[in-house]
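Throughout, protein chains are lettered first and strands after them, A, B, ... in sequence-line order, and every chain is numbered starting at 1. These numbers come from the heavy atoms of this one structure, side chains and all, not from hydrogens, waters or symmetry mates.
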Amino acid sequence: MPEFTPPQVQLAGVAPEITLLVSALILLIVDTLIGERPNRWFLPVMATAGLVLAGAFAASTWGDNELQLSGAIALDGFASFVKISLAVFGLLTVWVGRDYLVRDALEDSEFYALVLLAVAGMMLMAAAADLIIMFLALETFSIALYVLVAFKSGSLTSQESAMKYFLLGAFSSAFFLLGIALTYGAVGSTALYGGRDPVSEPGIASFLSTSPTANTGLLVLATGFLIIGLGFKIAAVPFHAWTPDAYQGAPSPITGFMAAGTKFAAFAAILRLFDATLFSLRAEWRPLVIAIAVATMIIGSVLAVVQDDIKRLLAYSSIAHAGFILTAVIAANDRGVSGALFYLATYGLAVLGAFAVVSVVSGQDEARVRLAGYKGLFFDHPALAVALTLFLLSLAGVPVTAGFFGKLVVFGAAVQASYSWVVAIGVITSAIAAFFYLKIMVRMYLEESEGESSPLPIGRLAAGVIAITAVATIGFGVVPGPLLRAAEDATMFFQPAPETGQAPLGG
Amino acid sequence: MMGVQGEVAAGFEPVLAPLIIGLPLAGAVVLLIFGKRIGRLSGVLACGTIGLAAVAGLLNFIALLGAPEESRSTTQHLFDFISVGRFQTGVDLLLDPLSLVMVMVVTGVGTLIHVYSIGYMHGDPRYPRFFAYLNLFASFMLLLVLADNLLLLYVGWEGVGLCSYLLIGFWFDRPSAAAAAKKAFLVNRIGDFAFLIGMFVLFGAIGSLTIGQINEAAGALSAGVATTAALLLFAGATGKSAQIPLYVWLPDAMEGPTPVSALIHAATMVTAGVYMVARFSPVFEASGGTALTVVGVIGAATALWAALMACTEYDIKRVLAYSTISQLGYMFLALGVGAYSIAVFHLVTHAFFKGLLFLGAGAVMHALDGNTDMRHMGGLRRPMPIVGYTFMAGWLAITGVIPFAGFWSKDAILAAAWVEGNYVLWGVGVFTTLLTAFYMSRLYLRVFEGPLRTPEGTHAHDAPLTMAIALVPLGVLSVAGGVINLPGLLTLEHFLEPVVGESLAPEGALAFILSGIALVVAVAGIMLARSIYMASGAEARRARFVRPMAPLVNGARHKFYVDEIYGRLIVLPGKRFALFCADVLDRRGIDGIVNGTATLIGRTSQGLRHIQTGYVRNYAATFLLGVVAVFSFLILRVVAG
């Protein structure tokens with residue numbers, strides 16, 4: 001009779017996620033126990049504590065390289081890098097959100113709990129080494145975000161946006177699930193890596209390394225559906241249509257969080273899935289991703305030109321950025337992976353900063369979101385205008401800002417993989433994108449404000465977030481070395497091989 | 001700033017070296033942002049940062065002196081700057097005798113001038129802004145001299161140019177100041193462009209921008225490449241250090257506040273070219289004589305040319321500006337005959353006495369409501385003794401009277417030219433000594449000696465305390481600064497020898513004869529000025545003296561029409577070409593393309609916008625189209641494959 005061996009429970013890989021879940025629950029309970037108070041300062045404090053602790057857990061596993069929980073969770077530098085970044089994004093969101101909620105009298109413990117849950121889902125996404133876990137993570141943060149988008153309880157647009165986002169999200173999840181099912185059909189498992197023996201411990205990577213190419217047809221089809229599901233989350237064309245509406249309707253701090261966090265989490269999954277696990281199938285998925293990247297860059301940049309609402313404009317800009325980052329996915333080399341990580345981290349900081357400025361400028365109930373509202377901002381609120389300029393310059397990729405090095409490494413990786421023509425399109429669309437960033441700057445510096453300048457109450461937390469992101473945006477632009485090196489050190493459990501060599505085996 | 005104490009290669013241990021640059025930079029940033037709130041204390045803050053930087057510089061200087069001679073060069077890596085592929089450049093500081101001598105000059109003289117500015121700029125509405133720029137300038141200048149690679153040096157080089165522009169045009173509401181700032185910037189751009197290309201040539205030939213590696217590899221360069229690179233670098237130096245043909249901006253730069261003229265346009269920034277040539281002396285040596293000959297000839301010609309114009313100028317600051325150009329010419333003459341350490345010696349003494357002379361001129365202007373015309377002045381030594389006596393020290397130093405500082409350094413330059421066998425350069429140098437003694441005596445005697453004369457409605461008073469505090473130490477240094485390199489001891493030369501090599505000096509009787517000639521010529525210049533400006537019957541003698549040289553004097557008075565010639569030959573055609581580019585090429589050609597593209601994108605965008613209807617069913621339909629496209633692509637691929 002076989003001896004009963006209890007499954008090994010290793011929690012290091014999911015310690016940050018557990019921390020966040022527990023913090024969210026404690027936060028809800030404490031709020032209920034304490035009851036109504038005029039100033040519920042303890043809510044952001046508790047959320048901050050939870051995020052800091054989660055970030056610390058993620059940092060403590062830096063350098064580990066193993067699979068945990070029966071091969072479902074990857075504990076590696078890649079996941080650590082993403083998790084630390086997400087913890088920072090979460091912190092910035094909580095702080096900007098606090099000022100925003102207080103101003104619009106919307107503060108509720110649910111907001112903080114949902115942000116923590118969303119961050120937990122996003123973190124799990126980066127560590128998932130099994131498609132089912134990946135799907136659970138995706139749904140976890142998506143559902144939290146659906147609610148957060150609708151958080152402006154009095155606002156119809158907010159409700160409408162959430163509804164659209166939810167319906168289309170459900171639609172895309174169906175395709176992602178279909179992709180998982182097809183994968184299972186082809187491989188006999190949903191694990192990304194699998195064990196040494198492909199028969200007893202099947203997994204995608206081990207399947208690909210042992211099966212003849214003729215048998216991969218079903219997996220190729222599955223790949224297509226997985227691209228669709230994840231492409232929706234990164235707002236890639238043609239799965240992007242929800243983006244402008246959801247970005248416009250959501251509370252500004254949440255919009256920033258979606259742009260920074262959702263994109264990072266979904267791209268982490270894409271990088272792990274395509275540039276590592278499905279690396280040897282790259283000849284099959286590459287043309288598809290190229291087509292999507294090119295369409296995304298063009299549509300995102302071109303459509304942003306005519307937007308006259310700053311949140312919609314930044315939504316299209318985020319679509320274009322998804323296209324730029326996809327060029328790194330296409331490269332499918334080490335530089336592409338580290339470049340994408342660097343890009344996503346610095347893009348996240350700039351976009352969070354930009355939306356922090358938007359939260360402040362848009363004022364009570366977000367009444368001032370038209371571009372016209374930014375006329376003469378420099379003369380009324382020079383610090384805000386200068387900070388926003390900095391973020392926009394970084395988004396445009398102008399040197400001495402972090403965005404420049406982001407574009408440099410991402411495009412450099414694609415050039416190294418001989419996809420110069422994709423980079424050429426990227427550069428042209430960047431130039432188009434620069435146009436609408438400049439358009440905002442022209443409004444702020446060269447035009448006179450309409451009507452009398454109203455005083456903008458700038459909360460201390462929001463001011464702090466703007467200062468932090470501004471300093472980081474300049475700092476990583478002048479001294480990109482440390483972050484670049486960290487991104488290079490963030491090796492994946494299953495590393496993509498150099499373009500010429502054989503893909504190494506997992507395990 | 002990353003770790004204050006980064007990685008250190010071989011050599012001595014630097015002491016808080018990043019602070020030398022970091023402190024003034026931090027001061028500038030704080031003053032730029034919070035200047036208005038800090039208000040009157042801005043000056044004190046700025047003096048504090050540069051003063052502490054001077055202390056940090058001194059500590060490093062002491063650390064270096066304590067090290068044995070072979071380990072007196074250290075590079076300190078602060079952080080990586082750019083690493084793209086094989087191209088790696090870090091932010092590294094080079095601490096060696098040459099850079100630390102420059103640091104001592106910049107922070108030492110810089111601190112005194114900062115203190116002086118507290119008094120001089122008192123009451124200016126943009127007082128904090130002035131000190132922010134001054135601090136910013138100091139940090140860029142220190143970056144320039146401490147940079148371990150050409151790229152970083154270039155950052156400092158452009159940075160000081162920017163600060164010079166901002167400070168010349170500090171009173172930008174005066175059109176002449178704005179124009180002067182623009183002129184300085186544009187003329188410097190020409191030099192900077194050549195410098196940049198020189199940098200590319202060196203990188204192309206050697207594959208590195210690090211100073212040490214360039215100098216090591218320079219010997220292996222072909223003479224042609226070395227000459228090209230050296231001349232391009234020197235072209236950059238002619239811009240920054242105001243040599244022929246790019247000197248025209250410096251006289252106009254006197255539109256800036258006087259402390260700026262003293263700090264930037266006399267003591268420090270304009271000597272950047274001298275420093276740079278000395279720093280890259282192996283590259284200049286590698287060209288086999290050509291490049292150094294050019295440097296020496298241009299230097300000597302500039303020395304003479306500027307001295308001629310100084311003789312007829314009436315504006316005290318502009319006299320000093322021409323004198324600066326002329327003295328810089330001496331330094332390049334020294335570089336041209338391979339006497340690098342002597343050039344640096346003159347750079348140091350010149351920083352003392354020229355800084356002093358400018359500050360003295362500033363004190364006079366301060367007392368006389370901004371008047372600068374020496375024809376309206378006279379006998380000012382009595383009402384303002386501190387300014388008068390310190391100015392006298394500066395005057396005797398620059399004319400080269402023994403034992404003042406300028407005597408030793410100028411004498412060493414002329415002697416080196418003679419020993420090198422460059423008798424023509426020596427002759428030009430000696431003649432320029434005569435002119436220098438003449439125009440400086442003319443300035444000093446007219447302003448400070450004779451009967452008291454002040455412009456109408458002004459009342460001369462001595463310098464306030466903060467200004468006097470700066471004048472006195474510089475006066476002492478102008479008198480005694482020569483001790484750093486007395487003949488026989490040659491302290492500074494031996495100190496610099498590991499970096500720039502030995503300088504030749506005459507021996508025995510020849511040394512005394514050459515010094516004697518220089519001294520006699522200087523005294524003759526002073527006597528000449530005295531006889532036609534001071535002694536009784538000076539008016540008549542002056543008329544007799546000037547008459548035979550009327551065309552020359554007239555020419556000098558009009559600056560030999562160089563500005564006009566440049567205007568006709570370069571600026572006007574340049575403007576026409578620019579207008580052509582702007583009107584025809586740009587507005588109709590490129591703008592047409594750009595606007596056309598923009599219109600096209602705008603229209604496309606407007607058209608595509610209609611897809612974004614706001615209806616979920618339409619969004620889902622788009623989505624589904626995408627799915628169909630993906631799916632059919634893959635099916636076809638799988639079936640075909």
Practice problem: Go through A/Trp242 and B/Phe623 one step at a time and tell me if the side-chain contact (heavy atoms from CB on, under 4.5 Å) criterion holds. | Solution: CA-CA 10 Å; A/Trp242 60 277; B/Phe623 194 113; over 6 Å; no
Quiz item: Taking all non-hydrogen atoms of both residues, which atom of A/Ala283 and which atom of B/Arg637 are closest, and how far apart?
Solution: O-NH2, 3.0 Å
Quiz item: Hey, which of B/Ile33, B/Leu625, B/Val616 has the most heavy atom pairs under 4.5 Å with chain A?
Solution: B/Val616
Quiz item: Which answer fits A/Gln416, side chain, backbone, both or neither, if we ask what part of it has an atom under 4.5 Å from a heavy atom of chain B?
Solution: neither
Practice problem: Could you list the residues that satisfy side-chain hydrogen bond (donor to acceptor under 3.5 Å, both in side chains) with A/Lys407, not counting sequence neighbours? | Solution: none
Quiz prompt | chain B contact via A/Leu221 - which portion, at a heavy-atom distance below 4.5 Å | solution = both
Self-check item: Over 12 non-hydrogen atoms of neighbours within 6.0 angstrom of CZ in B/Arg40
Solution: yes
Quiz prompt | Closest approach of A/Pro238 to B/Gly626 (non-hydrogen atoms, all atoms of both residues) | solution = CG-CA, 3.4 Å
Exercise. Sort by residue number and list every member of residues 627-634 of chain B having a non-hydrogen atom under 4.5 Å from chain A.
Key: B/Val627, B/Val630, B/Phe631, B/Phe633, B/Leu634
Quiz item: Given the rule in the side-chain contact (heavy atoms from CB on, under 4.5 Å) test, do B/Leu624 and A/Phe175 qualify, once you have shown the distances and angles that lead to the verdict?
Solution: CA-CA 10 Å; B/Leu624 203 60; A/Phe175 288 102; 4.1 Å; yes
Practice problem: Please look at A/Phe435 and chain B and tell me whether the side chain, the backbone, both or neither of the residue comes under 4.5 angstrom of a heavy atom of that chain. | Solution: neither
Exercise. Could you look at A/Ile227 and say if it's the side chain, the backbone, both or neither that has a heavy atom under 4.5 Å from chain B?
Key: neither
Exercise. State the CG-OH distance between A/Asp245 and B/Tyr615, to the nearest 0.5 angstrom.
Key: 12.0 Å
Exercise. Please say whether more than 12 non-hydrogen atoms of neighbouring residues, nucleotides or ligands are located less than 6.0 Å from NZ in B/Lys182.
Key: no
Exercise. Below 4.5 Å from any heavy atom of chain B, which atoms of A/Ser301 appear? Answer side chain, backbone, both or neither.
Key: neither
Quiz item: Which bit of A/Leu218 comes within less than 4.5 Å of chain B, counting heavy atoms only: side chain, backbone, both or neither?
Solution: neither
Quiz item: Is it the backbone or the side chain of A/Phe166 that comes under 4.5 Å from a heavy atom of chain B, or both, or neither?
Solution: neither
Quiz item: Does atom OH of B/Tyr165 have more than 12 heavy-atom neighbours, drawn from other residues, nucleotides or ligands, at distances under 6.0 Å?
Solution: no
